[in-house]
Amino acid sequence: MKQIALLGGTGSIGLQTVEVIKEHPEEFNLLAFAFGENVDKALPIIEQLKPSYIVVKNRAIKEKLGNRISYNGKINYGIEALNEIVSLSKVDIVVNAVLGSVGLEPTLEAIRANKQIAFANKETLVTAGHLVMKEAKANQVNLLPVDSEHAAIHQCLKGENLKEVNRIILTASGGSFRDRTREELVGVTKYDALKHPNWSMGSKITIDSATMMNKGLEVIEAYWLFGVPYDGIQVIMHNESVIHSMVEFVDRSVMAQLGTPDMRIPIQYALTYPDRFNYHLSDALDLVQIGQLNFREMSFERFPCLRMAYEAGKAGGSLPTVLNAANEEAVSLFLQDHIKFLDIEKLIENELEKHSVIKNPDLETILSIDAEIRDSVKRTGLKR
Ligand code: NDP
Ligand code: MG
């Protein structure tokens, strides 16, 4: 029986992880469960699976939850408590499905504690990829990607020699505005932006898909996970989200991984790796019914956030930290109706232009840049 610590359990990935755990009660036990503030979503899971350890965002939520649970689970709060549950000696697998760079420190802790990590929290790799990968290498810990593109690449690379990889081809559905011109983006609302054509996901990543920043973050994530240079990572548009990504080898042979757009499949694989378990939660892929798959060239003019992500990734140092923090804050302002859709990219570009890059920043520097940039974006954004 594998003991699981799930971070971000009330989110889109978190809830789907719970479904996978429930499908295999003989194999998995939810030992520790962490979430932010959503007590109503958390309670039914907690009452059903009775995790021994629970971590929430702050003291107020701890008290609110404490009044409502029926058994003797240990409730704690804050980042220290997250760090504690990922390093519990009983834990076998840590699922990092929190949103944003708050996942950084628990990831480092889980690596130091030598846990298998099912990793969804891409912002952590964007903000501090060099620190995370250095620690992973030193402790010989694999980050098992949950993100569908990276899970695909990971599978295509199984048993392969990384030196024989020519390029990685990431597919992008294009998000909710893929068929609109830039002129047609003026005045779009968050409700329009939240209608993703293929995937049902949390709101931040759905907005990131509409701006194409999600693919930009994924380019940086791929760079760190697979060690392929930026010029060897290509993004193409693929409307159907059936091919989750591809790897081209030096002999021009291309491997692709296909599947229905269902995140529970890569989540389950990250939990069962290197084995595969049966899966019954959705239908098998039916290519005959789909009929055809479409591909288009990606445009940096149409999607400047993707261009900015490549530039920040290539520049390295503290610039990806700035990219991520500015994006997290700008998307949050957009979701709260403080700024317009096209302001997101402007606010990010503004921060990237102002920043003087610090080479090889340590954890303290990253956390302070992260806070400083969020502050600056908030101030500029609220003036608009
Ligand atoms: P959601 O917004 O749906 O969920 C985020 C989760 O993080 C919630 O459980 C939230 O708790 C929790 N959380 C936020 N802040 C804290 C905190 N300070 N302490 C503890 N928990 C916290 O996001 P998604 O599930 O969509 O995405 C999660 C990650 O997975 C992101 O990095 C995303 O990029 C990545 N990802 C998501 C995909 C998807 O299909 N959704 C696909 C590929 C990658 P609460 O809501 O209770 O406050
Ligand atoms: Mg993805």
Side-chain angles (χ1 to χ4, degrees), residues 2-9 11-18 20-21 28 30 32-35 79 82-83 85-87 91-158 168 170 201-202 204-205 208 214-228 244-245 257 263-274 313 320 324 328 366:
K2 293 265 173 72
Q3 302 294 338
I4 296 184
L6 170 58
L7 313 188
S12 160
I13 293 289
L15 293 171
Q16 295 180 84
T17 305
V18 169
V20 171
I21 292 172
F28 300 126
L30 185 66
F33 183 81
F35 67 100
I79 194 90
L82 284 179
N83 292 344
I85 56 166
V86 300
S87 359
V91 167
D92 299 299
I93 306 175
V94 172
V95 181
N96 181 351
V98 296
L99 178 71
S101 55
V102 62
L104 173 57
E105 288 180 73
T107 302
L108 293 171
E109 282 303 318
I111 294 173
R112 288 183 196 123
N114 245 282
K115 305 301 182 190
Q116 174 172 329
I117 305 178
F119 189 78
N121 175 222
K122 64 189 90 178
E123 294 87 358
T124 274
L125 267 186
V126 173
T127 204
H130 62 298
L131 297 184
V132 175
M133 295 318 288
K134 191 175 155 203
E135 206 67 57
K137 209 170 164 192
N139 291 280
Q140 292 182 310
V141 166
N142 267 336
L143 293 179
L144 298 169
V146 164
D147 211 347
S148 57
E149 294 76 2
H150 306 75
I153 296 161
H154 177 230
Q155 290 170 74
C156 295
L157 288 175
K158 210 170 171 180
I168 281 176
L170 294 176
M201 311 182 283
K204 189 259 180 183
I205 186 174
D208 283 350
N214 182 49
K215 212 49 56 178
L217 302 178
E218 290 183 357
V219 166
I220 301 176
E221 186 184 10
Y223 170 81
W224 288 115
L225 286 176
F226 307 112
V228 172
H244 294 317
S245 277
Q257 189 263 347
M263 285 309 296
R264 292 168 300 186
I265 298 172
I267 292 170
Q268 176 170 303
Y269 187 56
L271 296 183
T272 64
Y273 180 83
N324 181 68
E328 281 193 35
I366 285 175

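Nearest heavy-atom pair, A120 versus A97, reported as atom, atom and distance to 0.1 Å: CB-CA, 4.2 Å. Closest heavy-atom contact between S245 and A152: N-CB, 3.8 Å. Scanning both residues, L82 and L7, for their nearest heavy atoms gives CD2-CD2, 4.0 Å. Taking every heavy atom of both residues into account, V146 and P266 meet most closely at O-CB, 3.3 Å. The shortest non-hydrogen separation linking S148 to H244 is O-CB, 3.8 Å.
Legend: residues meeting side chain to side chain contact (heavy atoms under 4.5 Å, CB included) with V228, ordered by chain and number and at least two apart, are V165, I168, F226, I233. Contacts of H150 classified as ring pair (Phe, Tyr, Trp, His ring centres under 6.0 Å), with partners at least two apart in sequence or in another chain: none. In terms of the side-chain hydrogen bond (donor to acceptor under 3.5 Å, both in side chains) criterion, residue partners of K158 (sequence neighbours excluded) are, by chain and number, Y269. Scored by the salt bridge (Lys or Arg N to Asp or Glu O under 4.0 Å) test, E135 finds R112 as partners (sequence neighbours excluded). Under the side-chain hydrogen bond (donor to acceptor under 3.5 Å, both in side chains) criterion, E149 pairs with K215, sequence neighbours left out.
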**Request:** I would like to know whether L104 and V132 meet side chain to side chain contact (heavy atoms under 4.5 Å, CB included); could you show each step before the answer?
**Result:** CA-CA 8 Å; L104 173 57; V132 175; 3.8 Å; yes

**Message:** I'd like to know whether L125 forms a side chain to side chain contact (heavy atoms under 4.5 Å, CB included) with F119, so could you lay out the CA-CA distance, the side-chain angles of the two residues, the decisive distance to 0.1 Å, and finally the verdict.
**Reply:** CA-CA 10 Å; L125 267 186; F119 189 78; 3.8 Å; yes

**Request:** Step by step, work out the side chain to side chain contact (heavy atoms under 4.5 Å, CB included) result for L217 and E221.
**Result:** CA-CA 6 Å; L217 302 178; E221 186 184 10; over 6 Å; no

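Annotation: side chain of I79 is in contact with side chain of V102 (closest heavy-atom distance under 4.5 Å).
The side-chain contact (heavy atoms from CB on, under 4.5 Å) with L271 is formed by just one residue from the set D92, L144, V20; it is V20.
Sorted by first and then second residue, the pairs that involve residues 118-130 and meet salt bridge (charged side-chain N to carboxylate O under 4.0 Å, His left out), not counting sequence neighbours, are K122-D147, K122-E218, E123-K204.
Note that the CG atom of N139 and the CG atom of N114 stand 5.5 Å from one another [nearest 0.5 Å]. Taking OG of S12 as the reference point, atom CD1 of I205 lies at 8.0 Å (rounded to 0.5 Å).
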